[in-house]
Every structure is written in C-alpha cells, then in structure tokens.
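Have a look at the structure below before the remarks.
So that the names make sense, note that chain A is the first sequence line, chain B the second, and so on, each numbered from 1.
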Amino acid sequence: MTTERYDARNAEPKWQKAWDEAATFTTKNDDPRPKYYVLEMFPYPSGRIHMGHVRNYAMGDVVARVKRAKGFNVLHPMGWDAFGLPAENAAMERKVHPREWTYSNIATMRGQLKSMGLSLDWSREIATCDPSYYRHQQKLFLDFLKVGLVDRKKSKVNWDPVDNTVLANEQVIDGHGWRSGAPVEIRELTQWFLKITDFSEDLLTALDGLDRWPDKVRLMQKNWIGKSEGLLVRFVLEGAPDGFSEVEVYTTRPDTLFGASFVAVAPDHPIAQDVAKSDKKLTAFIEEARKTGTSAAAIETAEKHGYDTGISAVHPLDPSRKVPVFVANFILMDYGTGAIFGCPAHDQRDFEFATKYHLPITRVVANGPEDHPQVPLLEADSAEDGTLVNSDFLNGLSVPEAKNAVAKKLEAKNLGNRPVGKRQVNYRLRDWGISRQRYWGCPIPIIHCEEHGAVPVPDDQLPVTLPDDITFDRPGNPLDHHPTWKNVPCPICGKPARRETDTMDTFVDSSWYFARFTAPDADVPTIRNVADHWMPVDQYIGGIEHAILHLLYSRFFTRAMNKAGYTSVSEPFAGLFTQGMVVHETYKANGEWVSPADIVMTGEGASRSAATKSGAIVEIGSIEKMSKSKKNVVDPDDIIAHYGADTARWFMLSDSPPERDVIWTESGVEGANRFVQRLWRIVQGVADIAPQPKPETFSDAATALRRTTHQTIAAVDENVEGLRFNVAVAKLYELSNALATQLAAKDKDASLLFALRESGETLVQLVAPMTPHLAEECWHALGKTGLVAEAEWPKAEGSLLVSDTITLPVQVNGKKRDEITVAVTATPAEIETIVRKLDSIVRASDGKPVKKVIVVPQRIVNVVV
RNA sequence: GCGGACGUGGCGGAACUGGUAGACGCAAGGGACUUAAAAUCCCUCGCCCGAAAGGGAGUGUGGGUUCGAUUCCCACCGUCCGCACCA
C-alpha cells in the first residue's frame, strides 16, 4: 500500500485536460436525453475572481455534475457581463482602452475559472461587449420598438456640471458628484424607455407560480411592483388661476373622505407651477423642496413642509365644506396624480402635517366605543378593521364597505360630463429608462433625422459598432465627441443625420444572456425552438443583491421576447437560489486595514492575538464581507495554488447553509484539506482490495457498512436536490468514517471485502461533484476505466434503506427513560406489553398508575402516568 | 414607520410532517507513534450535582395548545435584511 500524499497541483491540471480532450462538458442541442439547464449569474470581468465566485460556481457545478451523472443533457455555460462603467474609469485613470482592459480581465478570469475545474461548456462562452452579442441586442431593441414596447420620453437625471456627465445614483455622494465633488443638478433629458409597466399585473400575478423561488425574493418583487387599488377623486377649486377649475387626487382610502382637512399637491404639480409664476415665496418654497429631494440622508431628516396657496377645494360629498390647498414637499409628482387629500386622523404623514399647520384632525374610523370622535388623537390610526363614524351616510359601515360606498357614489355623480370618482389600480413600478450617456455599452440603434425624427437603423446596417478611436481626455460621452461616428445619412431620406449617442443600461445585456446561451452562434438573437427547448433555466444561482432589478428585468425581457416572437416561454428562471456572501475577519494596525496575508496569528480561541510581519500589533476587528477597501480578501488563486481547487470547493460547500454567509477561516480550509488527504488515504486502502464478486450472504459488519453506504446515497441525493450542500457534506463525512473504521478491522471476511470495495467506489462517486479532480484520481486508483465525471450516478438499494429491527425511544411523560429494540413488524399492543414490564419504566413511573401508553409506529413510545 | 427572516454547545451548524436535541465539522483536552516536530491514529468533549451509577434543568424570555414543542399559537427582547414621505 502506498502512502503518498495527494498532490493536487499535479492532479488538477491533468484531469482538466482529460475532460477537455473527452469533451465531457460540451453540450449538444439535439441530444435526446431530458434537458437540465443550470446557470450561475455571469460575472463582471473586474480583473480577478473572488471567493464569492468560487462559492457560487462550486454550488452550480455540484448541481450540474449530479444532473449529468443522473442522465440529463445538462446545459451549463459561462459568459461575461462585460459592459459597464469600471472599464471607462480604468480608461481615464490608467490610459488603457476599455476594450483592452475588459478582454485582458476576461482572459485572466477565464484562466482562474478553468483552474477551478468547473464542468462548463466553454464552447458557448459569450461576452456582452462583443459585437457578435450586442448586434442581436440591437435587433431585439428594434423589434421591441415594432411591437410597441419602447417609448421615448423626458426623464430626470443626476447631472454633474463640472464633468458634464450624467451620474448613476451610486456616483452621487451626499448630493455631490463622486469625482468632481460638484453639487449634482437634476436635469431633464429625453431618454429611451422599455415599457415594463405593460406587464405590471402579469409580473405580479406570475410570482405565485414561481414556487422554486425564495419567498423572500418574491415578496421583494411584489413590494417593488407595488400594486394598490384606489380611487381618483376630482375636487372643484375656488380661487385658482384660470384653467385650473379642479384638481384630481388619488387615494387608497376613499372611506376617510369625510376626515379630509386639506388637499396637497406636489411641488412639480402644474397648479403649483402656475401659482408660482406670480408668487415668489412659492417659487422659493419649490426650489427648497427640490433640494431636499435628492439625497437619502436629507429625506430621512426632512420635516414636512407645506405652502398654503390660498386656493380652496370643495368637498365632493359635501359642497358646504371647503379645505385649503397646499403645496407640500412630501407629495411625489410621479405617483398617482401628484395630488392627495389629507386625512390627518388616519395617516401619519397627514397627521404630522396637520399638527404643524393647525388643521383639524377628525376621527372618521373608530375601532370601538373607546374611540369617541371627540377624544384627541396623539398619532394617526390606520384603523383598517374599524367602523365609520362622523361620516354622514357612511356611519356604521366597515372600512371596505365604506370604500365601496364612496366609490359608487362618486362614480354616479357627474361634474361637467365626467364622473367625480373613478376606481383606479396603481403600480409603483415605473418604466425602465435604458439610456446611458456613456461609451462602454451597447449603442442604441437609432438615427435622428431633422425631418423624420428617430429612425430605426435598418437591419442590414446592424450592428452599430462602437468606434475604437475614442479618447477620455474630455468630460462627457466620447461617442458624442467623436468627430465622425455620429454623422450618418438618414435611412429614409438620405440627408445628413446623427446617430443616437446614448448606449444601453448594462442591465439590458444581462436580461437575455441566458436565452443567447441556448444558441450562442446563431445569426439571429435566438433560435425559437432551441430557446423553447432549453428554457426556462431549471436552476439559477446568484447573489441576493439581484433580487429585484436583474431578476425583474429578465422576467420582463423574456415576456418582451415572447411578444416579439423569439420564444414561447415567459418566465426565464423556474428555480432560483440566492447564496450568501463570503465574509472574513478584518484586521487593523496603526489605524490602517491589514490584509490577512500580511499578519501572523498566535494563540487560539479567546487568547488569539495578531501582529504584522514587521511586528506591529494588529487589532482583530469584526467579520465583514470580503472587500478590497477593508483588505479582508483572500485570493482564490493563492488558495488553489496552496491547497488545490478541490479543497477550496469542499470548504465552500461545507458547514454553512448555502443561503447564509460563510466565514472564511484558515482552520476551516485546513479542515477541508485534511478531508481531501484522508479520502485519498482511505481510497488507497480500498484499492488494495481486489474487486470482489457479490457474495450470497453478508456478515453483520458488511451489512452495517452497506446500509450506511446506501443510506448515504439516498441522503446525498435528497440534500443535493434541496441544495443543502452542507448536510450532504456531513453525510459524506459519516460514510468516510464508517468506511475507515471497517477498513481498519483485523479479520475481514469476503462479504466485508465486497462491502468495502462497494463503499469506497460509491464514496468516490458521491464526492465527485464536489471535489472532481480528487475523485478522478481516486477512480483511477481503484482501477476504474473512464472518467468518474461520465459515470452513472449510484442508486440506493431500497432493501438496505430499511431494517428488520428498530430502536424506539421510550418516554415517561415526555421524558426519555429508555429504549427498546423490536422487530419492525411489532404491533403497538406487543410494544406496549414490553414497555410496561421494563424496569426502567416501572422505576421512573414512581409507583403511579399508568394512564395510557402512546405508541407512534416507527417513532416513539410515550408512557403517561 | 411598514414588511420579512432569524435566535440551538466555545464556534459553524444538524434535527423528516409535532416524536431520542446537539448529526457532521472546527476549536479544545488527554493518549499512541516519533530522537523531536509535522502528519496520522485512538479517546474525551453543551451546562449543573455526583467518585461513579445516576439525576436535574435546558433550543433568546414569559405564557399557551399537546401524551409529547427547537418545530404550532400569543406577548416580549435581540439580531439581520428589504422597502419607504407611494396617498
């Protein structure tokens, strides 16, 4: 028996090459076996992979390898989310072209991913920044335009007046541009929009069908779509400027209409704007309100402010009542009609506002007799389960009844030739603005002609490619500055026209890449029947940070592609799993963050202490997400070079439940590596046993080992299906322990030798999805021909999963006192007889009479005294 | 503020549908092997009382349902996450 250590550095490249040469992971579209599409969120090519990638891709790879072994035709591709701002920042800071920077990062990261031994079909690799990808995206955009899913309208953007550029929200820090430090202005630009709101209702209701998505993500999307059912109500105005005889408000609480004590409109509301023309104070108020609207910190501390316009609104149900009309800073023009009626008693914001401006606060919904209308409220009370009071014909009704009664009444009542009230469903979801004033993105294929307006680029002129000769020495969008690129003839009249210089939001790129993977070389965006065959993705795995935008946009995009005829599915991801982050301790020396690679740790447990290599004392800080800024990053390359990819993969799958954060620790990696070495030793022991014929009868030891082996197959199956990798890992440890114990036994009969061989081979197959290189090495050592990656998944023998005797715990009044071993077939009556005679039970009963014996078959016995 | 999740040994965590709480790993302690170390192997390992046998309480806190509750219900405490002047 050899006892050499397993040498990952040597074995891993060897097996990666073997898989490559055998094309083990290349997927054919016309393979007749049932399909399984597993996908991990593709990475942004930032430069190097990080531990989060290792964890994400290790999980997906386990699923892919298990499904492949179970006979599925598995699609498991990889690509690059390659457009985006960091490439432009690199260009500005390091004078490197965004394309070169991106492709060089891709090359590095591809090499790193390959060193992980992932079972990916690299022949399907795509990069979103490649014209061979984005030309199809341009085609999709034009087709969406044809089917009416594209819109062009004005929208507000963050504008940096020094850099002359549009800023993303994350580039605005405390109301200032991140690079220039100048105060950010809000500007209106004409932008392209995708009409995601056309699908608001469908995107909402279809969430119910996504039963393999986390409830949490579905709830987040539901809140994001934000459906509300309410009523539009028209108020007649008195004392308003010409042309404003009425104001329309939106409310979800029409039942509280009799509690209205004011009407408020947004600073951007046409009425406010009009009054401001002749009212300097209001102009100043609106200006002030806009300022507080930009930064999140300001909003949180912002007080509710209002400006009384002097206009009165007539109560629609009681013409004798009139309420003042305010302009208020907490009303949003974008939601509803940009105007509300305020009911201070039942809305906290209205309550605060009314208190400040001394407006009446009248209770109109009471929870019970204690809520006498005359008792002053200390805060608003939503009182959704209450009964209407103080409300004329509504008195005594429940809230839903009152909502309905008000709606009915106002719908029937006419003002001019329209009803006063109209029921309306509202969504918080807004259309998706995709215009970005940037270079490194997919060009929007439109040509602007003075005569013909926005003209689509004809199909035969696609793709509109990005020009290479650009500079970043001027602020603003290089496409806009380019001397020639944007000058083109109008496709309709041929007169000089100009290209759209905006590029698409990078979320567009990632909204359909999963569909492109199904036919990555096709000269159309998707081949319909191929996309229909593979889609939806059976298992999608990625970070929770994409719970809303990426996943919602992809759901929309799939519907849009469906409408444009590219696929007949409408949901892109049947199963979704969101994995936790990789976190690590932080270290500080002399006030500076220190990398774990630069410290020396001494002592253990609570008495641990750390120092830098130069001897400075290191303070051990909190455990946080690995990030460059805190320097608590462990580089996967270092780990793979030191321990091998299998150790890194095994560690990422062990211990922590995959949806939770995992703490990266040195001892954890070493533990994982210990297992890798241990498995190799065990397998060498098994390899010394010649393959055995299956015996007729088995010794007790052999049967016990076989039971463990087959129970482990069942357990690993079940836990991998449920993505509980940490539990599957624990079961594999148990099997290893049982196998090692029997391997060390002195006298082994032939049946035990058979069981050891069976157990060893099974163990190798079961770990193969997690530590694939080690498994190949073991498979080979066991004398197996072919690749374990291509071997059929082991099947648990049903007869070994059940036993003919069973051990039942025996409780007295719910406390365990003893246990008995009986035949599985023992009847409850037989068990009861045995239990009643047990010394331990008689003793524990303490002479009290036995009232009842509860026998739960196969589970437990409880004696009630 | 609204919504959601979670709370189990020194640590990460396991526990099927209400049925033996603490699987498995890490850390720790003891031993074997070794000139020594590493590696490896064996043993112990939630808390309290007890030499042991055994016993007691125990899954954030307090109550409830049940023969039986980590699991279900109510209240509270704590942690984390999402959304937010959304009418």
Of all the nucleotides listed (B:U40, B:G12, B:C85), which has the minimum atom distance to the side chain of A:N329?
B:C85
Quick one: A:N673 CG to B:A38 C1', roughly how many Å, whole number?
14 Å
Do A:L317 and A:F258 touch side chain to side chain, with heavy atoms closer than 4.5 Å?
yes
Go ahead and name the base partner of B:U71; Watson-Crick or wobble counts if both distances stay under 3.5 Å, otherwise write none.
none
Close N/O contacts between protein and nucleotides 20-23 of chain B (under 3.5 Å):
from	atom 1	to	atom 2	distance (Å)
B:U20	O2	A:K816	NZ	3.0
B:A23	O2'	A:E734	OE2	2.7

If the C1' atom of B:G58 is compared with that of B:A5, how far apart are they to the nearest Å?
25 Å
Considering every strand and a 4.0 Å limit on heavy-atom distances, what is the contact class for A:I331: base, sugar-phosphate, or nothing?
base
Sidechain N-carboxylate O distance under 4.0 Å for A:D7, A:R9:
no
Do you see a donor-acceptor pair shorter than 3.5 Å between the side chains of A:Y250 and A:S228?
yes
Can you tell me how far P of B:C2 sits from CZ of A:R349, to the nearest Å?
13 Å
Nucleotide paired to B:G7 in any strand shown, Watson-Crick or G-U, under 3.5 Å
B:C77
Specify the residue among A:V662 and A:R430 whose closest nucleotide of RNA chain B lies further upstream toward the 5′ end.
A:V662
Aromatic ring proximity, centroids under 6.0 angstrom, A:F577 and A:W213:
no
Does A:Y250 reach a base, just sugar-phosphate, or nothing at all? Heavy atoms under 4.0 Å.
base
salt_bridge(A:E201, A:K227) N-O dist < 4.0 Å
yes
Of A:T337 and A:T741, the one whose nearest nucleotide on RNA chain B sits closer to the 5' end is A:T741
No-hydrogen, no-angle side-chain donor-acceptor test under 3.5 Å, A:R678 and A:N737:
yes
So, is B:G31 syn or anti if syn means the angle is within 90° of 0?
anti
In the strands shown, is B:A52 matched to any nucleotide by a Watson-Crick or G-U wobble pair with both distances under 3.5 Å, and which?
none
If you check the A:R817 side chain, which of B:G56, B:G19, B:G12 turns out closest?
B:G56
Side-chain heavy atoms of A:K852 within contact of A:I854, under 4.5 Å
yes
What's the gap between B:G12 and B:A27 when it is taken at their C1' atoms, as a whole Å value?
11 Å
Return the nucleotide paired to B:A32: Watson-Crick means purine N1 to pyrimidine N3 with N6-O4 or O6-N4, wobble means G-U with N1-O2 and O6-N3, both under 3.5 Å.
B:U40
Where the side chain of A:R428 is concerned, which of B:C81, B:C83, B:C67 is the nearest nucleotide?
B:C83
Have a look at A:S667 and say if it touches a base, only the backbone sugar-phosphate, or nothing, with a 4.0 Å heavy-atom cut-off.
sugar-phosphate
Per the under-4.0 Å heavy-atom filter, residues of residues 544-552 of chain A near RNA chain B come out as none
Tell me the interatomic distance from A:L679, atom CG, to B:U40, atom P, rounded to whole angstroms.
14 Å
Testing B:G3, B:G25, B:G55 for proximity to the side chain of A:L219, the answer is B:G3
Could you state the CD-P distance from A:E352 to B:C85, rounded to the nearest angstrom?
14 Å
A:I841: which of A:V810, A:V865, A:I834, A:V861 passes side-chain contact (heavy atoms from CB on, under 4.5 Å):
A:V810
CH2 of A:W664 versus P of B:G25: gap in Å, rounded?
19 Å
Closest of B:G13, B:U40, B:A84 to the A:R674 side chain is B:U40
Looking only at side-chain atoms of A:R5, point me to the closest of B:C81, B:A39, B:A14.
B:A39
Can you check the A:R660 CZ to B:C6 P distance for me, whole Å?
9 Å
N or O in side chain of A:R724 less than 4.0 angstrom from B:A14 OP1/OP2:
no
Figure out the CZ/C1' separation between A:R678 and B:C41, and round it to whole Å.
10 Å
Of the listed B:A27, B:U40, B:G68, the closest approach to the A:R681 side chain comes from B:U40
Between A:M59 and A:L723, is there a side-chain heavy-atom distance shorter than 4.5 Å?
no
Partner of B:A14 under the Watson-Crick or G-U wobble criteria, both distances under 3.5 Å, comes out as none
Ignoring the backbone of A:F330, work out which of B:G25, B:C26, B:C85 is nearest its side chain.
B:C85
Measuring from the side chain of A:N737 (C-beta onward, heavy atoms only), which nucleotide among B:A57, B:C24, B:G55 has the closest atom?
B:C24
Below 30° counts as parallel, above 60° as perpendicular, anything between as tilted: where do the rings of A:Y357 and A:F353 land?
tilted
Has the side chain of A:N223 got a donor or acceptor atom sitting under 3.5 Å from an opposite partner on the base of B:C83?
no
Backbone of A:S200 reached by a side-chain donor or acceptor of A:T197 within 3.5 Å:
no
What I want to check is whether the side chains of A:H584 and A:K625 have a donor and an acceptor closer together than 3.5 Å.
no
Whole angstrom value for the distance that separates P of B:C83 from OH of A:Y335
17 Å
Hey, does A:V856 reach any base, or is it just sugar-phosphate, or nothing, if we go heavy atoms under 4.0 Å?
base
